[in-house]
Amino acid sequence: MATTTLEIPRQAWRSYFDELTEALATVEATVEVVGRDIGDQIEAERQVLTDMSYDEQADLIVVGLDAPGPPVERVEHRIEQPQRVLVATGEPPPLEVTYDILDGDDHQWLIRLERPPALPGE
């Protein structure tokens with residue numbers, strides 16, 4: 001299966017993530033952080049993605065997840081000072097989408113979505 005990787009321009013981050021959040025149904029996400037100073041860490045595994053957003057004033061991307069089991073507990077992962085956002089999709093149709101976000105500390109955040117919604121602009 002071929003993979004297509006696109007960079008989302010900074011000026012489009014807010015609208016892109018707003019559209020993605022509107023399209024979300026039940027999508028599971030795994031969040032991984034990789035960095036020379038921290039190694040490779042799984043921050044969340046197969047949790048329900050509730051939203052992704054970009055806050056221009058605080059210069060951060062927020063990834064909202066629902067932790068499994070009762071009671072429902074929303075968990076946020078904050079990606080501070082994002083430098084770039086890449087999105088990789090398989091063709092056709094995408095069964096998985098991966099966001100590759102580089103933060104201000106040169107940490108690479110990988111957010112893998114399973115059963116993704118239609119992406120904004122598709």
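When a residue number appears, it is its place in the shown sequence, counting from 1.
- Looking only at side-chain heavy atoms (C-beta outward), Asp66 and Gln47 stay at 4.5 Å or farther from each other.
- A salt bridge is absent between Arg112 and Glu114; no separation between the charged side-chain nitrogens and carboxylate oxygens falls under 4.0 Å.
- Hydrophobic clustering (side-chain heavy atoms under 4.5 Å, transitive across Ile, Leu, Val, Met, Phe, Trp, Tyr) groups Leu6 together with Tyr54.
- In this structure, Asp59 CG and Glu80 CD are separated by 9.0 Å, a value rounded to the nearest 0.5 Å.
- Under the 4.5 Å side-chain criterion, counting only non-hydrogen atoms from C-beta, Arg84 is in contact with Asp100.
- Hydrophobic clustering (side-chain heavy atoms under 4.5 Å, transitive across Ile, Leu, Val, Met, Phe, Trp, Tyr) groups Val27 together with Phe17.
- With Asp103 contributing its side chain and Asp105 its backbone, the two residues share a donor-acceptor pair below 3.5 Å.
- With a 4.5 Å cut-off on side-chain heavy atoms, Leu20 and Tyr99 count as touching.
- The shortest non-hydrogen separation linking Glu76 to Val62 is CD-CG1, 3.7 Å.
- The main-chain N or O of Val97 is never found under 3.5 Å from a side-chain atom of Thr89 such that the two would form a donor-acceptor pair.
- A continuous path of ILVMFWY side-chain contacts below 4.5 Å connects Ile101 to Ile38, so both sit in one hydrophobic cluster.
- Formation of a donor-acceptor pair under 3.5 Å by the Trp109 side chain with backbone atoms of Val31 is not found in this model.
- Of the possible polar contacts, one joining the Thr50 side chain to the Gly64 backbone as a donor-acceptor pair under 3.5 Å is found.
- To the nearest 0.5 Å, atom CG of residue Asp51 and atom CG of residue Asp18 are 10.0 Å apart.
- Proximity of Val85 to Ile61: side-chain heavy atoms (C-beta onward) are separated by under 4.5 Å at one or more points.
- Salt-bridge annotation for Arg78 and Asp55: absent, with no side-chain N of the basic residue lying under 4.0 Å from a carboxylate O of the acidic one.
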